[in-house]
Amino acid sequence: MNIILFGPPGVGKGTQGEKVASEKNLDHLAMGDILRAAVREETQAGLKAKTYMDAGKLVPDDVVVAMIEDKIVDSDASGFLLDGFPRNVAQAEALASMLAKHSLKIDRTIFMDAPEENLIKRLCGRLICRACGFGFHRQYSPPLKSGCCDRCGGELYQREDDREDVIANRLRVYQEQTRPLLDYYQHQEGFFKLDAGGEMDAVYAALNKIV
Ligand code: AP5
């Protein structure tokens, strides 16, 4: 099974995507994580991406399309879950040709949405483990020990782009460039809309039903 999860920043794509992917044995291909790894490793693509990411802008399409194609082709799980790709119509068109080239198809395209005030609260309170990448939230899913990952004991940090000024820009970019994907996908087979404004377990139950 191949799945696309898309929606605004902070809606829970990463949190829910990781859970579904691990339960269904899918590769969780999170574009933001792939880009952050490239930035850490100082690859050519990572160096190019960093300035865009720090400002909350989209990284150029040619960079992200090439990176995701490699991951899709290398995937040896029973399917993949795309989180954060595609993020505009040009990327969706590039994905469609890429899938056709490799005789693959998408089974579920799931649009997650939540009110903007929830998104801002979720992003402002997010904490991530520097060692294993697991996500927490100061208020909604706090770690047992402050500043320390429950899974591996690693140090927790706040993402550079989770500052309020950058969040505002990411939400603007989302409205202008990513939300139009709704028109692109909503009449295609396998499209579902998911209200992701509720608590994590309720959102997961609804997502699992769709999957
Ligand atoms: P990326 O890392 O993909 O960021 P994003 O899309 O802005 O999404 P987030 O990771 O911020 O949010 P999420 O929906 O995954 O929420 P999460 O589950 O973590 O991309 C970062 C940057 O990379 C982009 O700005 C861009 O520059 C670049 N980029 C990435 N993809 C690109 C592309 N295709 N093209 C070009 N550039 C690209 O949840 C957030 C918090 O809320 C967590 O703390 C979580 O614990 C909490 N939470 C989650 N669900 C709930 C709930 N139901 N109730 C309460 N709290 C919740």
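Each ligand, and each atom within it, is numbered from 1 in the order the structure gives.
Two rings, from F191 and Y185, have their centers 6.0 Å or more apart.
Of the charged side-chain nitrogens involved, at least one lies within less than 4.0 Å of a carboxylate oxygen, so that E18 and R151 count as a salt-bridged pair. Salt-bridge formation is detected for the pair R36/D33: a Lys NZ or Arg NE/NH1/NH2 atom is positioned less than 4.0 Å from an Asp or Glu carboxylate oxygen. Salt bridge present: R179 and D113 bring a charged side-chain N and a carboxylate O closer than 4.0 Å. A salt bridge between D162 and R170 is present, with a side-chain N of the basic residue lying under 4.0 Å from a carboxylate O of the acidic one.
Remark: ligand 1 and G56 share no N or O pair separated by less than 3.5 Å (distance only, no angle test). The shortest N or O to N or O distance between F85 and ligand 1 is not under 3.5 Å. Taking any N or O of R170, backbone or side chain, at least one lies under 3.5 Å from an N or O belonging to ligand 1. Residue Y140 has no N or O atom closer than 3.5 Å to an N or O atom of ligand 1. The N/O atoms of D161, backbone and side chain alike, include none that comes under 3.5 Å of an N/O atom in ligand 1. Between Q91 and ligand 1, a contact under 3.5 Å exists for at least one N or O pair.
Scanning the protein heavy atoms around atom 42 (O) of ligand 1, the nearest turns out to be R122 CB, 3.1 Å. Regarding atom 29 (N) of ligand 1, its nearest protein heavy-atom neighbour is L35 CD1, 3.4 Å. Protein heavy atom at the shortest distance from atom 48 (N) of ligand 1 is M200 CE, 3.7 Å. At the shortest separation from atom 26 (C) of ligand 1 among protein heavy atoms lies K57 O, 3.4 Å.
The nearest pair of heavy atoms linking P8 to M112 is CD-O, 3.2 Å.
For the pair K19 and Y204, the cation-pi test (distance below 6.0 Å, angle within 45°) is passed.
At a heavy-atom cutoff of 4.0 Å, ligand 1 is contacted by both the backbone and the side chain of P9. Only the side chain of L123 comes within contact range of ligand 1, with a heavy atom under 4.0 Å; no backbone atom does. Contacts of R36 with ligand 1, taken as heavy-atom pairs under 4.0 Å, involve the side chain alone. In Y174, neither the side chain nor the backbone holds a heavy atom less than 4.0 Å from any atom of ligand 1.
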